[in-house]
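Each chain gets a letter, A, B and so on, in the order its sequence line appears, and its residues count up from 1. Model, not experiment: these values are computed from the prediction.
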Number of protein chains: 2
Amino acid sequence: MPAGPVEARSKPRSIRVQDELTQRIDRGMLPAGSRLPSEPALAVELGVSRATLREALRALESEGLVRRMWGAGTYVADSRRVANSLDLNFGVTDAIRAAGMQAGIEQARHSMEPATVSEAARLELQPGSDVLVVERVRTADGKPIVLSRDILPGRLIAKRPEIADQMLTRSIYEVLERELGLVIHHGVASFRPVRADITVARRLGVPRGELLLAIWQVDYSEDGAPVLSSYEYHLADAFEFTVLRRGPGRRLS
Amino acid sequence: MPAGPVEARSKPRSIRVQDELTQRIDRGMLPAGSRLPSEPALAVELGVSRATLREALRALESEGLVRRMWGAGTYVADSRRVANSLDLNFGVTDAIRAAGMQAGIEQARHSMEPATVSEAARLELQPGSDVLVVERVRTADGKPIVLSRDILPGRLIAKRPEIADQMLTRSIYEVLERELGLVIHHGVASFRPVRADITVARRLGVPRGELLLAIWQVDYSEDGAPVLSSYEYHLADAFEFTVLRRGPGRRLS
DNA sequence: ACCTGAGAGTTGTCGGACAAGATACTAGGT
DNA sequence: ACCTAGTATCTTGTCCGACAACTCTCAGGT
C-alpha cells in the first residue's frame, strides 16, 4: 500500500478549466490586454457549462490574471507576473531555474535531532520530538548563492529513512511530492537583511559581514498541518525578489 | 446626464457577499476550523442565489480564507494572517500603525520634475513629462525608520496642485483615495538588502554602511494604469515583513 | 471487534432564462 | 459636416431547479 503512485484523482472540472486558461495565457495564446471570447462561447469551446467556466474565471480574477468588466467582457490582465515572484515560486530550485541557471547542491548533510522548543512550536510538535534537519548550499551555475537549513517532522520519513538522502540532491518539495504525495498548500515567509557571520560566510565562500537576505518560513500541507520549517541565507545579489501586493480592495469599517 | 449622483451600489452582489463573509471570519463569528452552513442554507441566509454565493466562496478560497471539500463541506481555514504581511498591507503608514506605533513624517518636500527615461517607462509616460516627486522620512514614535521617494504622473494633480502639500503630512494612498477617488488595485514590489550610502544614512540618522532593506514598487489603479512609483529604504530592524506564499497548485508541464 | 453497505448530507456540474451594464451604431438635430 | 441622443446588441451578473459525484455516519451482518 505505501508504494501507491499518486492516483491522478479526478480533479473538479473547474480546476482543469482554470489550469487550461492559465496555460493559454502563459503560453501567449491569450496576449495581455486581449479580450477573451464571451462566456457562452468559451464554455462551448472548453466543453463545460457556463457556471463551471465562471468558477474558473472567478479564481483567475482573484489571482489577478484576468479582469472582468460587467457588460464589457473579460480581459487578460497586463501580466506583471515577474519571473521570481516570492509569493508564487516555491523553493530555491525553482527560483534558480526560473532565472535560467543550473541549480546545484553542495555541502549537503542531514541528521535526526530532537526539536528545540521554538522549532517544535513552529511545527506544532512536542519539544524533543525527532526532526530531520537538512543543511545544504545551493548553487546557480556552480556558484554558491544560498545556504539553507530545512527542518521537518521525523515521523514523515520514519518508515522510509532513505528519503532523507534524496533531499541531498534534489528539491525537498520535489521529494515530498513524489515520494510521499505531500503537496505544499501554502507557506508563510518572513525576511530581513543580515550580515554574514563567520559560519555562514565560510560556507558560502564570501567575506564576513557580506550583505545577505535571511528568509525563514513555515510550509503547510493541504490540511493545514505544518510540514517544513526552513531558514535560508541568500546572497544579496543572487535574486531579485518580487511580491505582488493586492490592494486594499476590501476595507473593514 | 453628466451630473449623475454617484450611486455606490454598483458593486456586484457577489462582492458584497464576499466582504460580508470576510468580516464574519475576521470578527470571529466564524472561528478557524469551523464549518460553514451548507451552500443552500447560507444562500438563503444571505439572500442571494446559490450561484452568487459560490462565486464569493470561490474567491475566498483562492484567497486562502476557506477550504472547500467536495461532499464534505466548506471550512474556515486556519487564518495565518500575519500582522505585517507585505502582500496585503499597503504603505508604510499602515505598517507602522499595525505595529501599534505612531506614524509621523519629517523632512518632507515635493517638486515637479521631468521624468527620467526609466521613470517614464515605469509609469508609462513620455520621457520628460512632468512628474511629482515626494521625498519623506517616515517615523515611528518619532524615530526615523524609512526614507521614501514617491513619483507620480504630474497630470494627476495638474488641476489641484495643493494636493501635493497634503502628501507631506499624510499617506499618499489616503490622499489619492480621498481627494482624487483613486484606489490602488495592486502593486508590484521588489526588494533587496543594501547598505546605507552617505546621503541616506544622514537623512535617517544612522551610520554609513548601516543595514537597510530597499523596496521599490509600482502601484496600479483599477484600470491597470500605473499611478505611483516609489522607492523606500527601511531600517533592517524596523519591520518584520511577511509574505503568504501560495503553494504550487498548478504546475505547468 | 471488525468489516460492509445503505443512507443522508454536501459540494460540483449542468441547462436555461432574465436583469443590468457597456459598447457601437443609427437617426435626428444643429 | 459635426455633434447628440436614443436604440440595438453584445457581455457579464444573477437566479432557479435539477442531477451527479463525493464524504461521512451509522446500522447491520460477519
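- Considering only side-chain atoms of W70(B), the nucleotide from dT10(C), dT12(D), dA21(D) that sits closest is dA21(D).
- Note: CZ (R68(A)) to C1' (dT11(D)) measures 12 Å, nearest angstrom.
- Taking atom CD on E39(B) and atom P on dG9(C), their separation rounds to 16 Å, with Å as the unit.
- Toward the 5′ end of DNA chain C lies the nearest nucleotide of A72(B), the other residue of the pair Y75(A) and A72(B) mapping further downstream.
- A donor-acceptor pair shorter than 3.5 Å can be found between the side chains of D219(B) and Y173(B).
- Nearest to the side chain of A51(A), among dG13(D), dC14(C), dC22(D), sits dC14(C).
- Checking dT12(D), dT14(D), dC14(C) against every side-chain atom of V48(A), the shortest atom distance belongs to dC14(C).
- Note on R13(A): a side-chain N or O is less than 4.0 Å away from OP1 or OP2 of dC14(C).
- OP1 and OP2 of dC15(D) both lie 4.0 Å or more from every side-chain N or O belonging to R50(B).
- In this structure, a donor-acceptor pair under 3.5 Å is absent between the side chains of S49(A) and R54(A).
- Between E55(A) atom CD and dG12(C) atom C1' there is a gap of 8 Å when expressed in whole angstrom units.
- Going from atom CG of L46(B) over to atom P of dT14(D) covers 13 Å, rounded to whole Å.
- The CZ-C1' distance, from R16(B) to dG13(D), rounds to 15 Å in whole Å.
- R67(A) comes within contact range of no nucleotide atom at all, as no heavy-atom separation falls under 4.0 Å.
- No more than 12 heavy-atom neighbours from other residues, nucleotides or ligands sit within 6.0 angstrom of CZ on R178(B).
- For R35(A), counting side-chain heavy atoms from C-beta on, the closest listed nucleotide (dT10(C), dA22(C), dT11(D)) is dT11(D).
- Residue S14(A) places at least one side-chain N or O under 4.0 Å from the OP1 or OP2 atom of dT13(C).
- At a threshold of 4.0 angstrom between heavy atoms, the contacts of R58(A) with the nucleic acid are absent.
- At a threshold of 4.5 Å between non-hydrogen side-chain atoms, the residues L176(B) and M167(B) count as touching.
- Rounded to whole Å, the distance from CG on L53(A) to C1' on dG12(C) is 15 Å.
- A straight line from CE of M69(A) to C1' of dA20(C) spans 15 Å, rounded to a whole angstrom.
- Of all nucleotides listed (dC22(D), dT13(C), dC15(D)), dT13(C) comes nearest to the side chain of P12(A).
- Residues H186(A) and Y220(A) bring their aromatic ring centres within 6.0 Å.
- Taking 4.0 angstrom as the limit, T52(B) places none of its side-chain polar atoms (N or O) nearer than this to OP1 or OP2 of dG13(D).
- In terms of phosphate contacts, T74(A) brings no side-chain nitrogen or oxygen within less than 4.0 Å of OP1 or OP2 of dT11(D).
- Closest approach to the R54(B) side chain among dT11(C), dT11(D), dC15(D) is made by dT11(C) (side chain taken as heavy atoms from C-beta onward).
- Ring-centre distance between F191(B) and F191(A): below the 6.0 Å cut-off.
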